[in-house]
Student: 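Here it is, the structure in full.
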Amino acid sequence: MTTISCDVLIIGGGIAGLSLAAELAGRVRVVLAEAEPTLGYHTSGRSARQLVPSYGPPAIQQLTVRTLDLLHRRQSEAGLRVLSHRSFLLIGSKAAVKEHASGQMEFIGPDDALELSPELRPGAFEAAGLDRTSFGCRTDVLLQHHQDTARAAGARFLTGARVESARRHGSGWRVVAGGETVDAGTVVNAAGAWAEQVAALFGAQPQGLVPYRRTAAVVDVARPLSPRQPMVAAADDSFYYRPENGQVLVSPSETVPSEPEDARPRDTDVQRAIAHVSRSTTLTITGVAMAWTGLRTEPADGHPVVGFDPEVEGFFWLAGQGGYGFQTSAGIAELAAGLILGEHDGAGDVPAALSPHRRTFTR
Ligand SMILES: Cc1cc2nc3c(=O)[nH]c(=O)nc-3n(C[C@H](O)[C@H](O)[C@H](O)COP(=O)(O)OP(=O)(O)OC[C@H]3O[C@@H](n4cnc5c(N)ncnc54)[C@H](O)[C@@H]3O)c2cc1C
């Protein structure tokens, strides 16, 4: 068996690993190892596919705006068709909406909210915020685009290749992944819910990353929503829903800690989403077409962990994207590539907020 040599080995074939592979390929030799037989199988194949610039803390909002900017540019230059306009409507008590509304979000009156989403029950909310700069995203097309871009630029993909062991070798790492041996100068930990386990293989200290369950379901409704209607979310994080090709995507927005695993939906979570949506709208839900659960992994401060490990040489963190993995993907890949290639010194508000030097352990 031959040893594969590369400059950067990326562990994990979700949106984090794939967008970085596309960014680095052609500039350095890239290998990506994915444990599953297919790419994008875990959390990246299970999202709600919405990019909301007003969602999350300031560093996340900046990365989301940058990601939208980069994706819009690729849409016009490379013909990539991934974004479609879909605004985001936040509803709830005045205090809850005020607490969550920031950045691109504007306050609107309940009557304006009812005009945008006539299925809402008038008494079910007191206040509303609207983010008109939000977009729906064809995440499957985006994942494929990154894969094609990286491959065309010479990146190599190993699937069914779980990274099982690692040791220092010369000035880099020797890694065994699914029976292949890979020598790499830098290793990137983009292993999603498994990021702490992967870090342990390399002797890196934990970053306090916890996977949290989040379920979504596509339900049948008696009268479909218009595809142009916004995504609607409760400001108290009890549910969200949006149109989905004549059906409706609903979520109970649960945040329940989990082991890293191939998470499966629980009927109680799906029923809770249906109950919340039924209580707040006049939608008549007639059945559940499909349901799924993914793991949103994040540290206590809710910021991703992006940068070289402070103690372990050649080990780079690209983990903890929580519920923002798609909306920050292009911005984070750009930042990570700059740090890995030494073109970015890591200074600045956003890199500091994301740095692995800040280890967080309490929630
Ligand atoms: C219900 C739900 C709704 C969401 N909605 C949105 C949304 O609207 N907008 C948004 O921006 N984000 C959303 N998210 C969050 C987003 O999906 C995640 O942030 C993102 O997918 C995380 O990507 P990732 O690449 O870090 O992880 P993953 O996609 O999980 O990829 C990690 C990969 O690493 C692999 N791996 C693990 N260990 C090893 C190993 N030892 N060797 C090799 N490979 C390994 C795994 O097999 C996996 O494929 C949502 C998530 C959920 C669950």
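When a ligand or atom number is given, it counts from 1 through the structure's own listing order. Values below: every heavy atom of this structure, side chains too, minus hydrogens, waters and symmetry copies.
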Student: Within a distance under 4.0 Å of any heavy atom of Val198, pick out the atoms of ligand 1 and give their elements.
Tutor: 41 (N)

Student: Do Arg223 and Glu119 sit within salt-bridge range, that is, some charged N less than 4.0 Å from a carboxylate O?
Tutor: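 Salt bridge: no.
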
Student: Return the orientation label for the Phe315 and Trp317 ring planes: parallel under 30°, perpendicular over 60°, tilted otherwise.
Tutor: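 Plane angle over 60°, so perpendicular.
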
Student: For Gly17 and ligand 1, does the shortest N/O to N/O distance drop below 3.5 Å?
Tutor: no

Student: Atom 27 (O) of ligand 1: which protein heavy atom is closest, and how many Å away?
Tutor: Gly192 CA, 3.7 Å

Student: What is the nearest protein non-hydrogen atom to atom 2 (C) of ligand 1, stated with its residue, atom name and distance?
Tutor: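 Looking only at protein heavy atoms, the one closest to atom 2 (C) of ligand 1 is Arg46 O, 3.4 Å.
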
Student: Taking only Lys NZ, Arg NE, NH1 and NH2, and the carboxylate oxygens of Asp or Glu, determine whether Asp269 and Arg264 approach each other closer than 4.0 Å.
Tutor: no

Student: For the 3.5 Å polar cut-off, considering only N or O atoms, please tell me whether Thr43 and ligand 1 meet it.
Tutor: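 Yes; the residue has a nitrogen or oxygen that sits under 3.5 Å from a nitrogen or oxygen of the ligand.
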
Student: Enter the distance from Ile4:CD1 to Leu158:CG here, rounded to the nearest 0.5 Å.
Tutor: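 Rounded to the nearest 0.5 Å, the CD1-CG separation comes to 4.5 Å.
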
Student: Among all protein heavy atoms, pick the one closest to atom 14 (N) of ligand 1 and tell me residue, atom and distance.
Tutor: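 Sorting protein heavy atoms by distance from atom 14 (N) of ligand 1 puts Ser47 CB, 3.8 Å first.
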
Student: Should Arg49 and Arg242 count as side-chain neighbours, where that means a heavy-atom distance under 4.5 Å?
Tutor: yes

Student: Could you check whether Glu254 pairs with Arg266 (Lys NZ or Arg NE/NH1/NH2 to Asp/Glu carboxylate O, under 4.0 Å)?
Tutor: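 Judged by the 4.0 Å cut-off on N to carboxylate O distance, Glu254 and Arg266 do not form a salt bridge.
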
Student: Could you list which atoms of ligand 1 come closer than 4.0 Å to a heavy atom of Phe326?
Tutor: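 The atoms of ligand 1 under 4.0 Å from a heavy atom of Phe326 are 10 (C), 11 (O), 12 (N), 17 (O), 21 (O).
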
Student: Could you give the distance from OG1 (Thr281) to NE2 (His276), rounded to the nearest 0.5 Å?
Tutor: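 Atom-to-atom, Thr281:OG1 and His276:NE2 are 12.5 Å apart.
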
Student: May I ask you to list the atoms of ligand 1 that are less than 4.0 angstrom from any heavy atom of Ala33?
Tutor: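 Atoms satisfying the 4.0 Å criterion: 43 (C), 44 (N).
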
Student: Drop me the distance from Gln205's CD to Glu196's CD, to the nearest 0.5 angstrom.
Tutor: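 Answer for the CD-CD pair, Gln205 versus Glu196, is 10.0 Å.
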
Student: Should you measure from each heavy atom of Trp194, which atoms of ligand 1 turn up under 4.0 Å away?
Tutor: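 Numbered from 1, ligand 1 contributes 37 (C), 38 (N).
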
Student: Can you sort out which atoms of ligand 1 are near Tyr240, meaning under 4.0 Å from one of its heavy atoms?
Tutor: 3 (C)

Student: Got a sec: does the CZ of Arg228 have more than 12 other heavy atoms crowding it under 6.0 Å?
Tutor: no

Student: Decide whether the shortest distance between a heavy atom of Tyr324 and an atom of ligand 1 is less than 4.0 Å.
Tutor: yes

Student: Need the ligand 1 atom indices (1-based, order shown) with element for anything under 4.0 Å from a heavy-atom of His42.
Tutor: 30 (O), 46 (C), 47 (O), 48 (C), 49 (O)

Student: For atom 47 (O) of ligand 1, what's the nearest protein heavy atom and its distance?
Tutor: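 Its nearest protein heavy-atom neighbour is Glu34 OE2, 2.6 Å.
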
Student: Looking at Glu343, I want to see if its CD is surrounded by more than 12 non-hydrogen atoms of other residues, nucleotides or ligands under 6.0 Å.
Tutor: yes

Student: Polar contacts were defined as any N/O atom of the residue lying under 3.5 Å from an N/O atom of the ligand; does this apply to Ile15 and ligand 1?
Tutor: yes

Student: Could you tell me whether some N/O pair between Ala48 and ligand 1 is separated by less than 3.5 angstrom?
Tutor: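 Yes; the residue has a nitrogen or oxygen that sits under 3.5 Å from a nitrogen or oxygen of the ligand.
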
Student: Which atoms of ligand 1 are found less than 4.0 Å from any heavy atom of Ala16?
Tutor: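 Near Ala16, meaning under 4.0 Å from one of its heavy atoms, ligand 1 has 25 (O), 26 (O).
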
Student: What residue and heavy atom of the protein are closest to atom 34 (O) of ligand 1, and at what distance?
Tutor: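 Closest protein heavy atom to atom 34 (O) of ligand 1: Gly12 CA, 3.3 Å.
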
Student: Decide whether an N or O pair under 3.5 Å exists between Arg49 and ligand 1.
Tutor: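 It does: an N or O of Arg49 is found under 3.5 Å from an N or O of ligand 1.
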
Student: Looking at ligand 1, would Ser251 count as a contact under a 4.0 Å heavy-atom criterion?
Tutor: no

Student: Mark yes when over 12 heavy atoms from residues, nucleotides or ligands other than Gln75 sit less than 6.0 Å from its CD; otherwise mark no.
Tutor: yes

Student: May I ask you to identify, for Ala190, whether its side chain, its backbone, both or neither come under 4.0 Å of ligand 1 on a heavy-atom basis?
Tutor: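 Backbone only.
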
Student: How about CD on Glu164, more than 12 heavy atoms from neighbouring residues, nucleotides or ligands closer than 6.0 Å, or not?
Tutor: yes

Student: Can you list the atoms of ligand 1 that are under 4.0 Å from a heavy atom of Arg296?
Tutor: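 Per the distance check, 51 (C), 52 (C), 53 (C).
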
Student: Given 3.5 Å as the limit, does a donor-acceptor pair link the side chain of Ser87 with the main chain of Arg132, or not?
Tutor: no

Student: Which heavy atom of the protein is the closest neighbour of atom 23 (O) of ligand 1, given with residue, atom name and distance?
Tutor: Ser44 OG, 3.2 Å

Student: Take every heavy atom of Ala319, measure it against each atom of ligand 1, and state whether any distance is under 4.0 Å.
Tutor: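 Distance cut 4.0 Å: Ala319 fails for ligand 1.
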
Student: In the protein, which heavy atom is nearest to atom 10 (C) of ligand 1, and how far is it?
Tutor: Gly323 O, 3.3 Å

Student: When you measure from atom 26 (O) of ligand 1 to every protein heavy atom, which one gives the shortest distance, and what is it?
Tutor: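 Protein heavy atom at minimum distance: Gln321 OE1, 3.5 Å.
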
Student: Would you compute the distance between atom CG of Leu90 and atom CG of Asp237 and round it to the nearest 0.5 angstrom?
Tutor: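 It comes to 8.5 Å.
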
Student: Salt bridge (charged side-chain N to carboxylate O under 4.0 Å, His left out) for Arg151 and Asp148? Distances and angles first, verdict last.
Tutor: CA-CA 5 Å; Arg151 262 191 224 283; Asp148 295 346; 5.5 Å; no

Student: Does Leu51, backbone or side chain, put an N or O under 3.5 Å from an N or O of ligand 1?
Tutor: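 N/O-N/O distance below 3.5 Å does not exist for this pair.
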
